[in-house]
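Read through the structure below, which is laid out as structure tokens, and then see the notes.
Atoms within each ligand, like the ligands themselves, are counted from 1 in listed order. The shown structure was predicted, so the numbers you read here are calculated from the model rather than taken from an experiment. Computed over heavy atoms, backbone and side chain alike; hydrogens, waters and symmetry mates excluded.
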Amino acid sequence: MSTAIVWFRRDLRLADNAALAAALERADRLVLVYVHAPDEDGDWPPGAASRWWLHRSLAALSADIARRGSRLAIRRGPSLDALRALVRETGARLVCYNRVYEPARLAADLALGKALAADGIEVLAFAGHLLAEPWAVANRAGASYRVYTPFAQALRADLVAPEPLAAPRALPPAPQVPSLALDALELNPRIRWDEGLEAAWTPGEAAAEEKLASLALKLPAYAAARDLPAEAATTRLSPHLHFGEITPGRIWLELRRLREGAAPALRAGIELLQRELLWREFAHHVLYHHPKTPDAPLDPRFAKFEWRASETLLSAWQRGRTGIPIVDAGMRELWRTGFMHNRVRMIVGSFLTKHLRIDWRAGARWFWDTLVDADLANNTLNWQWVAGCGADAAPYFRIFNPVLQSRKFDPEGAYLRRWLPELSRLESRHIHAPWEAPQAALAAVGVRLGETYPLPIVELARARAEALAAFRALRAPRRGR
Ligand SMILES: Cc1cc2nc3c(=O)[nH]c(=O)nc-3n(C[C@H](O)[C@H](O)[C@H](O)COP(=O)(O)OP(=O)(O)OC[C@H]3O[C@@H](n4cnc5c(N)ncnc54)[C@H](O)[C@@H]3O)c2cc1C
């Protein structure tokens, strides 16, 4: 009887799981294991919101596995020790896993693969977390891309999205091995701050499948409404993709299927969603080729930029108390639900790095701890994009005006009212910039700036001018060149 270990990591699913399918094909007995080893994520172990998600996603996976007649074992790292112990306990000769592409994980996996191979264990790694391996997309000179559009064109041209593998209907019984209880991992918060997350999300593969099945209904409105934070127009697939509860390949094939004979609005939605999925690919490509970018700007000129160190300003931003309604609404949505609409992420990121001139890394860290979809590749690329120091980044002079953005993308203030109850009775024309409203209009609805809602922590026009000057100096050609 042959035994294989399937090592679950960022692939908490049974469908379209190449490692699981390969192990099923080659062995009669399977040991299914999740090894908790946050240290192996280097400087970026999962934050609080990610741990909350992980707990529930593991519970869902465990239940799905049990329904199919097997069992998910839970162990603590180091991963190599845990896998070696399982090899000893079960006589397994094969370990199968799906790749994770973050720098620390890639390095750890390489060392682990070598060590197990030296023990005489066969180790097989599979793709699935991305549409294409990050090293497989290259320009004519064989180099990686730093600009999105040619990257996306090249990836599309070579893209093979294989038919997804069905989830196994049954699993062979697992050898009885000791397992920790999920609670022993202490992923849940000790102090309950997570009611908002609980109300907003259902982690796990089944919920991801439901979202996939609803794309045909959702996507006709996507192109027109995806930038409007008050609407639930985007897919909210990001945490499911991060934890590998669904593969991008499945989504891509579903989009191709929906495209056949689609009406123009659906077709436009499909195209835009494909573009977003390719941004995710681009982010992973850039992180793979520039593994230091979570901590260092890709554009070296920014290494010397003097960011402002102000705990007071940073804390006002984190708590949603800047006095700029669209920024505060976004930060409170994030705190309450573990999510923020993409348009608002760009606005709060621009405000932090340009108007407040606070280091993008402080913003990235806060997002890391609070987002349920916190993802090293996506978070890094987007923060560097917003700050203007990354791949294909926004130029330094693109400083979002948060008031104009708010008026444009939330004209009636519906999003602002949802997250800022203290302003909810203000008229739409005043709600985007209450400091400009006549005193009588504020008083009529009980708003007292500086008391019931903060005054702006910076004067927007002046902060913008100062940021432009600081960034322009950085961009000036160096003397003598
Ligand atoms: C400052 C900042 C930080 C961000 N941090 C993260 C992060 O940690 N994790 C994360 O998944 N996304 C991040 N994003 C990207 C984006 O905001 C989210 O992916 C998106 O809001 C998720 O919502 P959705 O699934 O409904 O998106 P949809 O619009 O439905 O898009 C579908 C999928 O495409 C991918 N995608 C969409 N936009 C982007 C993008 N700009 N870059 C990369 N992939 C994208 C995501 O996987 C998303 O689930 C960040 C954006 C900004 C501006």
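Scanning all protein heavy atoms for the shortest distance to atom 3 (C) of ligand 1 gives Asn379 OD1, 3.5 Å. Nearest protein heavy-atom neighbour of atom 33 (C) of ligand 1: Leu277 CD2, 4.1 Å. Protein heavy atom closest to atom 16 (C) of ligand 1, with residue, atom name and distance, is Asn342 OD1, 3.3 Å. Counting only heavy atoms of the protein, atom 30 (O) of ligand 1 lies nearest to Thr235 OG1, 2.5 Å. Looking at atom 11 (O) of ligand 1, its nearest protein heavy atom turns out to be Asn378 ND2, 3.0 Å. Here the protein heavy atom with the shortest distance to atom 39 (C) of ligand 1 is Glu276 OE1, 3.7 Å.
For the residue pair Thr293 / Gln384, no side-chain donor-acceptor distance below 3.5 Å is found, with atom types taken as modelled. Inspection of the Tyr453 and Asp328 side chains reveals an N or O donor paired with an N or O acceptor under 3.5 Å. Side-chain contact, Arg417 with Ser428: a donor N or O sits under 3.5 Å from an acceptor N or O. With 3.5 Å as the limit, one finds a donor-acceptor pair spanning the side chains of Glu133 and Tyr101. Side-chain contact check for Asp375 and His242: at least one donor-acceptor pair (N or O, by modelled atom type) lies under 3.5 Å.
Within the listing of ligand 1, atoms 25 (O), 49 (O) sit less than 4.0 angstrom from a heavy atom of Leu237. Of all atoms in ligand 1, listed by their number and element, those nearer than 4.0 Å to a heavy atom of Asp375 are 7 (C), 8 (O), 9 (N). For ligand 1, the atoms lying closer than 4.0 Å to a non-hydrogen atom of Arg280 are 43 (C), 44 (N), 47 (O).
Residue contacts with ligand 1, taken as heavy atom pairs separated by less than 4.0 Å, involve Leu241 solely via side-chain atoms from C-beta onward. Using a 4.0 Å cut-off between heavy atoms, Leu273 contacts ligand 1 through its side chain alone, with no backbone atom that close. Contact annotation: for Ser238 versus ligand 1, heavy atoms closer than 4.0 Å belong to both the backbone and the side chain. If you look at Phe367 next to ligand 1, the close heavy atoms, those under 4.0 Å, all belong to the side chain.
Among His341, Gln274, Arg345, Arg236, the residue whose heavy atom lies closest to atom 26 (O) of ligand 1 is Arg236. Taking only non-hydrogen atoms, the option from Tyr222, Trp360, Trp385 nearest to atom 29 (O) of ligand 1 is Tyr222. Closest heavy-atom approach to atom 52 (C) of ligand 1 within the set Leu278, Asn382, Val372: this belongs to Asn382.
At least one heavy atom of Ala374 lies less than 4.0 angstrom from ligand 1. Contact between Phe339 and ligand 1 is present, with at least one heavy atom of the residue lying under 4.0 Å from the ligand. Residue contacts with ligand 1: Met346 is included, with a non-hydrogen atom under 4.0 Å away.
More than 12 heavy atoms of other residues, nucleotides or ligands sit less than 6.0 Å from atom CD of Glu195.
We find that Arg99 and Asp109 are not joined by a salt bridge, their nearest charged nitrogen and carboxylate oxygen being 4.0 Å or further apart. Salt-bridge formation is not detected for the pair Glu245/Lys211: no Lys NZ or Arg NE/NH1/NH2 atom is positioned less than 4.0 Å from an Asp or Glu carboxylate oxygen. Salt-bridge check for Arg190 with Glu186: passed, with a basic side-chain N closer than 4.0 Å to an acidic carboxylate O.
Sorted by first and then second residue, the side-chain hydrogen bond (donor to acceptor under 3.5 Å, both in side chains) pairs with a member in residues 137-164 read Arg156-Gln274; sequence neighbours excluded.
Separation of atoms CH2 (Trp52) and CG (Asn188) is listed at 9.0 Å; rounding is to 0.5 Å. If you take CZ on Phe243 and CH2 on Trp53, they are separated by 7.5 Å, rounding to the nearest 0.5 Å.
Distances between N or O atoms of Asp373 and those of ligand 1 include at least one value under 3.5 Å.
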